[in-house]
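Counting starts at 1 for both ligands and their atoms, following the listed order. For clarity, every value in this text was computed on a predicted model and none was experimentally measured.
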Amino acid sequence: MSTLVVVGTQWGDEGKGKIVDLLTEYADVIVRFQGGNNAGHTLVVDGEKFIFHLIPSGILNDDKLCLIGNGIVIDPSVFIQELEGLASRGRPVTADRLRLSPNAHLIMPYHKALDHAGEAAKAEGKKLGTTGRGIGPCYEDKIVRNGIKVADLLDPALFREKLEDNVKEKNFYLTKLLNADPLDPETIYGEFQDYAERLAPFIDNVSVLIDDALHKGKNVLFEGAQGTQLDIDHGTYPFVTSSNTVAGAACCGAGIGPSKIDKVMGICKAYTTRVGAGPFPTELEDAVGDHLQEKGAEFGSTTGRRRRCGWLDGVVLRDAVRINGLDGLVITKLDVLSGLGQLNICTEYDISGTLHTFMPANIREVESIRPIYRTLSGWDEDLSQMRSFDDLPEKAKDYLKIIEDMAEIPIVLISVGPSREQTIFLKNPFE
Ligand code: GDP
Ligand code: IMO
Ligand code: MG
């Protein structure tokens, strides 16, 4: 029996989907525990590309159980679309392989409307660049205790009561404050009664299922979404998402105690990307940034937006090691760095002449960071066909060594391309 939590160490899109799919071979149960369909996790299996927003990235392995925990906010239409998408590609999923917590909160149409209208109403420079999926407003309702849970779908009278109260309040905000159209509760009610029928077979106690699996000696893999710097508490607030994205969230978001977590692994892209607004100390708005964006095909998996690109940030990495309690690192997209001549790694931040070794809390300070770089020579070789550490050019090995020295934890896997095979295994992260 073993449990492993996988989290992003940067601003999301580190390649968590690929790595979770890969590690599913060693797991029996795969659990999403926070976020919602703001996530976009890409898998390339036998040349076929899949992007999952809600369903755990273990789902392509037929004999594994996938769970969506209470910490998730779920848009039922997206859940159903993902199921239909899989079925249409010859991979139907039934409730014996996928369960959904009744304590997860529902993303309602008014959450999406508020997300869109709220962003539109914000002044330039204040917009967060959300994914527009209703994530923030849904978590907001959960915390102020107005939320509607998956369990409520199964109780039509309770669902109607909560829906009517909410729509009354939200319509006030939408029309009076945000200049947007009101929503009709009856239409929403009808739509969600259909969803209730579709979702019902999947609803189950995720905490109990995990506990049962552990008692039977099974391995459980927890799949984080977003990344450490998008965490509501530890990220570059307010330019963050509305959930805790760090490893500790696996406990609250799935219903498992911290003493049951064995290992935590961080996924770190060999450079940095960010999609949406907010400070990005090592951002490159030049030809090198364009190289990373183009060679790395850095477009958002959820919104299709062009991702901002920059050098690897050691301050961000060390923050992730500490906040998540990382035991090991996976370095992804190392192949993208080939052909750059020189490479920079940020080692510290200079803020108004003072050196900082961790991300400051004040957003104005974060915005004024001047990164201090260590420069090293790059390599030209194509890494995408390399399958062993010894194959890598010496300069790439040096780059990895610097990362390990900064993080003070070992690299356990190296990814050199989007497909399963394009991976260099150094150590089984479950062991
Ligand atoms: P996630 O949100 O962390 O799962 O990451 P995304 O799927 O949003 O973005 C990662 C992108 O990089 C996807 O298009 C992956 O197919 C791709 N990818 C993953 N690992 C590698 C790699 O090692 N090299 C290259 N070139 N692409 C990769
Ligand atoms: P994965 O799991 C990258 C970003 C959005 C925006 C901010 C808030 O694929 O790594 P939200 O819709 O959550 O309120 O948006 O967070 N964001 C992500 N960026 N990867 C993600 O997920 C993200 N999920 C949210 O772009 O800046
Ligand atoms: Mg993504």
Side-chain angles (χ1 to χ4, degrees), residues 6-22 32 34-45 48-54 56-57 72-73 75 107 111-112 114-116 118-119 127-140 223-232 235-243 245 266-280 292 294-308 330-338 382-384 386 413-424:
V6 169
V7 291
T9 59
Q10 298 154 316
W11 278 277
D13 304 328
E14 296 90 350
K16 299 174 292 292
K18 167 183 164 162
I19 302 303
V20 167
D21 167 64
L22 206 65
R32 274 277 313 264
Q34 47 68 232
N37 60 306
N38 47 351
H41 295 180
T42 314
L43 283 59
V44 179
V45 175
E48 215 184 326
K49 181 165 161 179
F50 296 84
I51 300 178
F52 295 115
H53 302 288
L54 271 175
S57 299
I72 292 275
V73 286
D75 183 333
I107 297 181
H111 292 137
K112 292 185 260 189
L114 287 165
D115 195 352
H116 283 285
E119 275 282 280
K127 293 184 197 294
L128 302 178
T130 71
T131 59
R133 302 302 192 255
I135 305 294
C138 183
Y139 276 118
E140 202 177 319
E223 174 181 6
Q226 290 81 51
T228 305
Q229 291 298 335
L230 287 172
D231 183 278
I232 185 78
T236 47
Y237 190 91
F239 299 96
V240 292
T241 190
S242 296
S243 66
T245 61
I267 317 291
C268 174
K269 207 178 268 193
Y271 48 98
T272 312
T273 61
R274 173 162 207 171
V275 59
F280 180 176
L292 296 172
E294 282 154 29
K295 187 147 186 233
E298 295 293 355
F299 288 100
S301 313
T302 296
T303 55
R305 290 177 291 178
R306 200 180 154 96
R307 292 177 184 148
R308 300 154 64 193
V330 175
I331 303 299
T332 59
K333 304 194 93 159
L334 189 64
D335 53 299
V336 177
L337 292 182
S338 297
D382 172 15
L383 310 187
S384 65
M386 298 186 179
L413 283 178
I414 301 160
S415 174
V416 292
S419 36
R420 270 184 190 165
E421 319 65 73
Q422 291 174 298
T423 311
I424 299 174

Examine T241 against ligand 2 and note whether any of their N/O atoms are separated by less than 3.5 Å. yes

I need the atoms of ligand 1 closer than 4.0 Å to a non-hydrogen atom of S415, numbered in the order shown.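 So the atoms of ligand 1 that pass are 20 (N), 21 (C), 22 (C), 23 (O).
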
Contacting atoms of ligand 1, where contact means under 4.0 angstrom from a heavy atom of G40: 1 (P), 2 (O), 4 (O), 6 (P), 7 (O), 8 (O)

Would you mind listing every salt bridge (Lys or Arg N to Asp or Glu O under 4.0 Å) that reaches into residues 36-45, with sequence neighbours excluded?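 Qualifying pairs, neighbours excluded: none.
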
Run the numbers for me: atoms of ligand 2, each under 4.0 Å from some heavy atom of R305, listed by number.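 Those of ligand 2 that fall under 4.0 Å from R305 are 5 (C), 26 (O).
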
Sort by chain and number the protein N/O/S atoms found under 2.8 Å from the Mg ion (ligand 3). D13 OD1, G40 O

Excluding sequence neighbours, so at least two apart, what forms ring pair (Phe, Tyr, Trp, His ring centres under 6.0 Å) with Y139? none

So, regarding V336 and ligand 1 (criterion: nitrogen or oxygen to nitrogen or oxygen, under 3.5 Å), is there a contact or not? no

Protein heavy-atom partner closest to atom 18 (C) of ligand 2 - residue, atom, separation in Å: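 Closest protein heavy atom to atom 18 (C) of ligand 2: L230 CD1, 3.6 Å.
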
With heavy atoms only and a cut-off of under 4.0 Å, state how V416 meets ligand 1: side chain, backbone, both or neither.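 It is the backbone that touches ligand 1; the side chain stays farther off.
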
For ligand 1, is there an atom lying under 4.0 Å from some heavy atom of G417? yes

Who pairs with N37 by side chain to side chain donor-acceptor pair (under 3.5 Å), at least two apart in sequence or on another chain?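 Result, side chain to side chain donor-acceptor pair (under 3.5 Å) vs N37: none returned.
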
